[in-house]
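Report on the structure given below.
Any value given below was found using the heavy atoms of this structure, including those in side chains, with hydrogens, waters and symmetry copies removed. Lettering follows sequence order; numbering is per chain, from 1. Bear in mind that the values here come from a model prediction, so they are computed numbers and not experimental data.
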Amino acid sequence: MKTPDEKLLSKGYEFAEVEQKWLENWQQSGCFAATMEEGRPAFSIVIPPPNVTGVLHVGHALNNTLQDILIRYHRMCGDNTLWVPGTDHAGIATQNVVERQLAEEGKTRDDLGREAFIEKVWEWRQEKGGRIINQLQKLGASCDWERERFTMDEGLSRAVREVFVRLYREGLIYKGDYIVNWCPRCHTALADDEVEHEEQQGKLYHIRYPYADGSGEVVVATTRPETTLGDTGVAVHPDDERYRHLAEIGLRLPLTERVIPVVFDQHVDREFGTGALKVTPSHDRNDYEIGLRHSLPRLKVIDDKGIMNQAAGSDYCGLDRFACRMKVVENLDRLGFLVRVEEHQHAVGHCYRCKTVSEPTTSLQWFVAVRPLADKAVAAVRDGRITIHPKSWNNTFYSWMDNIRDWCISRQIWWGHRIPAWTCADCGALIVESTDPVRCPTCASTSLTQETDVLDTWFSSALWPFSTMGWPQPTRELATFYPTAVLITSFDILFFWVARMMMMGLHFMDEVPFRDVYLHALVRDKHGKKMSKSTGNVIDPLAVMAEYGTDAMRFTLTPFAAQGREIKLDEERIEGYRHFINKLWNAARFALMHVAHCQPSVTEVVLKPQELPLVHRWILSRTATLIREVRLALDEYRFNDVASANYQFIWREFCDWYLEWIKADLFADNQQAQDQARGVLLTVLETVLKLMHPITPFVTEEIWSVLPGQRELLAISSFPVVTDSWSDDAAVEEMELLMGIITGIRNIRAEADVHPSQRIEALVLCADPQRATAIETFAAAISDMTRLSVLTVRGEGDRPSDAATYIYKDIEIFVPLKGLVDVAAELARIARERDKVEAKLKQVNGKLANERFLANARAEVIAGERAKKAELDARMAKLLEAEERIRRMA
RNA sequence: GGGCGGCUAGCUCAGCUGGGAGAGCAUCGGCCUUACAAGCCGAGGGUCACAGGUUCAAGCCCUGUGCCGCCCACCA
């Protein structure tokens with residue numbers, strides 16, 4: 001049993017211990033485990049699986065904070081909630097990491113051999129692969145950690161094989177010799193979208209290609225002279241007069257003795273360079289296609305390590321492709337083939353993993369025919385089964401899908417899902433099976449060799465939404481949680497991953513994998529620069545969490561969700577929000593001083609709000625509004641609105657006004673007033689903790705745990721629902737009046753430099769009897785909050801001379817200052833006000849004088865303008881009077 | 001070459017279907033007022049990039065221009 005004193009939380013919020021404690025408690029309680037109860041709505045998310053090699057960066061922190069907010073919200077709403085965690089085996093990235101490790105021991109993967117190497121990778125994964133999962137847990141991510149998946153798990157591997165085999169049988173997977181993007185460093189084929197194009201300043205070389213009979217020459221332009229060695233033709237436009245006569249003439253390829261033909265192809269741009277294009281079918285995508293159209297032979301001169309091969313000729317064989325370029329240029333120049341060299345800017349493809357310049361190469365690879373799959377995905381977005389947020393991505397999505405090419409899925413690396421295809425050594429049959437075949441179904445031979453290639457990592461992540469739920473088995477998880485509710489990710493993997501999940505989900509589940517896609521921005525440093533280790537501008541979320549607390553970081557990231565493309569993160573901001581967390585902590589501490597000993601039944605006073613004093617009716621009404629706003633914003637993924645609504649309410653309304661106002665009651669000798677204040681205070685605090693919990697789970701859970709009464713975990717308590725009886729517009733309006741009066745008096749005090757401890761008098765003139773009564777009723781409270789000795793309220797009467805004046809709407813506030821009025825300052829202040837009112841009046845009067853406005857505007861708009869005018873007129877009159885009076889004082 | 005996003009207070013950004021320009025931070029002035037100086041009270045600060053147009057009414061809708069940034073693309 002806790003003693004009351006222990007319940008009075010420590011003076012500053014010490015997050016380190018608190019966070020550790022709740023991480024353990026939540027874990028032990030099993031409160032994050034998925035529930036699958038009949039008759040409840042389901043809400044599920046699959047985590048974008050971070051690379052198993054990854055360490056948590058700010059992007060992950062943002063991404064997972066947003067997911068956690070939704071998950072915690074829906075869990076508290078009582079939905080069947082599932083958040084599936086896991087990691088991606090990240091083929092190339094992981095293989096690179098382990099290869100580097102081997103390199104330190106002076107070994108290569110070839111030294112080990114395939115099986116031993118893969119063994120090594122699994123060892124590595126065992127030791128270090130769990131890091132990011134621990135880091136996500138530290139973030140407070142409320143995943144069902146018992147369900148952690150890995151794309152190389154047995155279950156997921158089974159799904160991968162199943163999908164591969166089915167697509168193959170449907171004719172949607174095929175093997176063929178086509179041109180692909182090749183990374184000479186990673187030593188593997190890459191998909192089109194794994195190649196990043198980067199504008200670079202290069203050179204355009206103009207080279208003479210003499211006629212075979214020596215009667216003339218054609219000049220071609222190229223950025224890659226080394227590929228000259230692999231040319232098998234020159235192409236010109238069929239309508240190009242300059243080259244018509246070349247149909248029968250062969251060209252002698254410089255530096256070689258080969259004679260190559262001239263072909264005529266529409267693709268050639270007559271305006272570019274000389275209008276003659278050298279064709280290297282084996283090392284350029286366009287040339288490859290031109291070659292196909294004209295049956296040109298393919299000649300591969302660069303090997304898979306980026307080194308020139310035998311076919312390049314003995315002078316060049318063994319040279320790196322870039323060294324070869326220099327040598328080719330040198331020789332061309334020496335032999336008089338080089339006409340000139342121009343500076344030229346062009347886009348060069350790079351491997352997205354290692355940034356090496358990629359090499360287009362013909363190669364035997366496996367492909368997915370994506371057209372039919374892509375069509376299904378496009379249809380799902382078009383007819384609204386999937387909604388992309390923000391919708392500005394729709395067009396980009398469509399245009400990408402329209403231009404999609406077949407997906408090269410084979411990778412020449414070792415770490416990954418090995419392609420389930422075997423070749424029969426005896427009859428040459430290709431066997432594709434989900435289980436390893438023992439003998440050839442055609443000739444019954446047992447000498448079968450499996451493909452050595454593995455699948456593109458994105459192939460397995462494309463299945464993630466259903467493979468993690470046990471597919472191809474018809475599991476209860478699939479029945480309950482598929483399709484998932486929303487996929488939250490940054491826009492940069494919309495095509496790599498999101499689009500492919502759509503294709504696979506629709507094809508194999510016959511249902512979308514998620515109903516919504518929420519795309520958030522990329523996190524940059526405070527200058528908008530990409531964070532990178534070499535620039536040294538990386539903000540490490542773990543360091544931030546250690547310094548400011550996890551809740552502060554989560555709260556900082558939440559408002560950024562709204563931002564379009566990039567987020568400029570400045571650590572100063574995190575510090576600002578730490579202050580907010582601390583504010584909440586202290587407000588709770590204050591509340592506990594008054595409610596720690598209460599029975600939970602004190603909160604029953606809110607059942608009849610109409611019987612409560614104004615300030616309580618006001619805060620309850622504002623709380624109801626807050627609940628409404630927060631729920632709606634959460635339902636619409638407006639995370640920034642969730643954060644700011646909470647922030648404004650807690651700091652400005654609850655702390656600055658409500659807590660200050662009820663101090664009198666809490667300390668007073670009036671049992672009823674005290675009980676009412678305690679009951680409402682506790683209610684509002686409980687509500688706020690619940691509303692904040694999805695964003696800041698730790699501090700709210702901690703405060704919750706020390707509130708009076710036996711409590712279940714906040715994480716599984718119920719999310720607030722709007723109580724209609726709390727809504728009270730009249731109370732809100734009346735409180736606003738009182739707050740306006742208080743602000744006015746405070747303003748006078750501050751402007752007149754009246755010391756805060758000095759008690760002074762004030763007079764309020766309010767012609768409207770109802771409002772005058774309201775002000776008078778709360779004279780004590782107003783005096784309390786503004787340190788008045790006497791507050792007089794009158795409907796009409798003499799304006800005191802020698803007093804500072806403040807006009808609130810049409811209400812005049814006077815503070816007599818006995819000769820201390822700074823006339824010049826007063827006049828300046830009044831004049832400032834008058835200018836503002838004048839400007840607004842001009843607008844309003846302009847509208848009301850406009851017949852077309854009166855004729856066209858909606859009735860309520862006109863009524864609004866009229867009311868506005870009335871108020872401004874009244875205020876203006878009072879301001880003018882005040883100005884006149886002060887002048888006379890001088 | 002296409003496409004997309006941004007331009008609102010000194011800074012970072014909100015501003016939903018068009019009807020009196022907002023927040024946080026920063027700035028200035030005053031306060032240790034019994035939860036919080038990581039705080040309280042008060043104040044100042046904006047031709048909403050520019051030019052046209054639609055409308056009774058435009059930060060918001062349309063057209064164009066200018067910067068800044070991103071994505072896609074087979075001019076070698």
Can you check the A/Arg573 CZ to B/U12 P distance for me, whole Å?
11 Å

Roughly how many Å apart are B/U63 and B/G6, using the P atom of each and rounding to a whole number?
15 Å

Using 30° and 60° as the class limits, which term best fits the ring planes of A/Tyr518 and A/Phe639: parallel, tilted or perpendicular?
perpendicular

Would you find more than 12 non-hydrogen atoms of other residues, nucleotides or ligands less than 6.0 Å from A/Glu572 atom CD?
no

Does a side-chain N or O from A/Asn856 land closer than 4.0 Å to OP1 or OP2 of B/C56, or not?
yes

What pairs with A/His389 under ring-ring contact (aromatic ring centres under 6.0 Å, His included), at least two apart in sequence or on another chain?
A/Tyr637

Have a look at A/Val268 and say if it touches a base, only the backbone sugar-phosphate, or nothing, with a 4.0 Å heavy-atom cut-off.
base

Taking atom P in both B/A38 and B/A43, what distance in whole Å separates the two?
24 Å

Atom CG of A/Asn640 and atom C1' of B/G24 are separated, to the nearest Å, by 13 Å

Report which part of the nucleic acid A/Asp656 touches: base, sugar-phosphate, or nothing (heavy-atom distance under 4.0 Å, all strands).
sugar-phosphate

Taking 4.0 angstrom as the limit, do A/Arg224 and A/Glu359 come out as a salt bridge?
yes

In short, A/Phe496 meets A/Asp193 closest at the heavy-atom pair CZ-O, 2.8 Å

Could you work out which one of B/A23, B/G5, B/G19 sits closest to the side chain of A/Ala857?
B/G19

Which atom of A/Pro254 lies closest to which atom of A/Thr228, heavy atoms considered
O-CG2, 4.4 Å

Using the C1' atom as the point on both nucleotides, what is the distance between B/C48 and B/A9, in whole Å?
10 Å

How many Å lie between OH on A/Tyr647 and P on B/G22, as a whole number?
18 Å

Looking for any heavy atom pair under 4.0 Å, which part of the strands does A/Lys663 touch: base, sugar-phosphate only, or nothing?
base

With a cut-off of less than 4.0 Å, is there a side-chain N or O of A/Lys836 near OP1 or OP2 of B/G44?
yes

Does a nitrogen or oxygen in the side chain of A/Lys583 sit under 4.0 Å from OP1 or OP2 of B/C40?
yes

Among B/A43, B/A76, B/A35, the nucleotide that comes nearest once only the side chain of A/Asn747 is considered:
B/A43

Side chain of A/Thr743: nearest nucleotide among B/G24, B/G44, B/G42?
B/G42

Ignoring backbone atoms, test whether A/Arg866 places a side-chain nitrogen or oxygen under 4.0 Å from the OP1 or OP2 oxygen of B/G20.
no

Rounded to whole Å, how long is the line connecting atom CZ of A/Arg652 with atom P of B/A23?
10 Å

Taking only N and O in the side chain of A/Trp651, is any of them less than 4.0 Å away from OP1 or OP2 of B/C40?
yes

Identify the nucleotide, in any strand shown, that forms a Watson-Crick or G-U wobble pair with B/G22, with both distances under 3.5 Å; if there is none, say none.
B/C13

Any strand: nucleotide that pairs with B/U65 via Watson-Crick or wobble, under 3.5 Å:
B/A49

Please confirm whether the shortest side-chain N or O distance from A/Lys868 to OP1 or OP2 of B/G20 is below 4.0 Å.
yes

On RNA chain B, compare the nucleotides closest to A/Glu751 and A/Glu271; which residue's is nearer the 5' end?
A/Glu751

Roughly how many Å is it from CD in A/Gln648 to P in B/G22, rounded to a whole number?
13 Å

Distance check, C1' atoms only: B/G30 and B/G22, in whole angstrom units.
26 Å

Does A/His346 make a side-chain N or O approach to OP1 or OP2 of B/C75 shorter than 4.0 Å?
no

So which nucleotide from B/A38, B/A35, B/C74 ends up closest to the side chain of A/Arg578?
B/A38

Check ion pair A/Glu343-A/Lys203 (N to O, under 4.0 angstrom):
yes

Can a side chain N or O of A/Arg746 be found less than 4.0 Å away from OP1 or OP2 on B/G30?
no

Among B/C32, B/A76, B/G24, the one nearest any side-chain atom of A/Phe272 is B/A76

Once you apply a heavy-atom cut-off of 4.0 Å, does A/His344 come out as touching a base, just sugar-phosphate, or nothing?
sugar-phosphate

Just N and O in the side chain of A/His579: are any of them under 4.0 Å from OP1 or OP2 of B/G39?
yes

Pair partner, B/C36 [Watson-Crick or wobble, under 3.5 Å]:
none

So what's B/G59 paired with, Watson-Crick or G-U wobble, going by both distances under 3.5 Å?
none

Taking for A/Thr223 and for A/Asn850 the nucleotide of RNA chain B with the nearest heavy atom, the one nearer the 5' end belongs to A/Asn850

Report, as yes or no, whether the 6.0 Å neighbourhood of atom CD on A/Glu860 holds more than 12 heavy atoms from other residues, nucleotides or ligands.
yes

Quick one: A/Ile741 CD1 to B/G42 P, roughly how many Å, whole number?
14 Å

Within the 4.0 Å heavy-atom criterion, would you say A/Leu872 contacts the bases, only the backbone, or no part of the nucleic acid?
base

Using atom C1' in both nucleotides, what's the gap between B/C75 and B/G66 to the nearest angstrom?
28 Å

Which listed nucleotide (B/A76, B/A35, B/C74) is nearest to the side chain of A/Asp269?
B/A76

B/A51 and B/C70, which share atom name P, separated by this distance in whole Å
28 Å

Just checking A/Arg832: base, sugar-phosphate only, or nothing, at a heavy-atom cut-off of under 4.0 Å?
sugar-phosphate

Does a side chain donor of either A/Asp231 or A/Tyr209 reach within less than 3.5 Å of an acceptor in the other side chain?
yes

Expressed as a whole number of angstroms, how long is the span from A/Phe853:CZ to B/A58:P?
12 Å

A/Asn395 has a side chain; which of B/C4, B/G20, B/C36 sits nearest to it?
B/C4

Who is the Watson-Crick or G-U wobble partner of B/G42, with both distances under 3.5 Å?
B/C28

Suppose you measure atom C1' in B/U8 against the same atom in B/U47; what distance do you get, rounded to whole Å?
12 Å

Taking atom P of B/G42 as reference, at what distance in whole Å does atom CZ of A/Arg787 sit?
14 Å

Testing B/A14, B/G30, B/G20 for proximity to the side chain of A/Asp753, the answer is B/G30

For a quick test of reading the model: is some side-chain N or O of A/Asn582 closer than 4.0 Å to OP1 or OP2 of B/G39?
no

Using atom P of each nucleotide, how far apart are B/A21 and B/G46 to the nearest Å?
14 Å

Side chain of A/Glu660, base of B/A35: donor and acceptor closer than 3.5 Å?
yes

I'd like to know if A/Glu575 pairs up with A/Arg578 as an ion pair, taking the criterion as any Lys NZ or Arg NE/NH1/NH2 lying under 4.0 Å from an Asp or Glu carboxylate oxygen.
yes

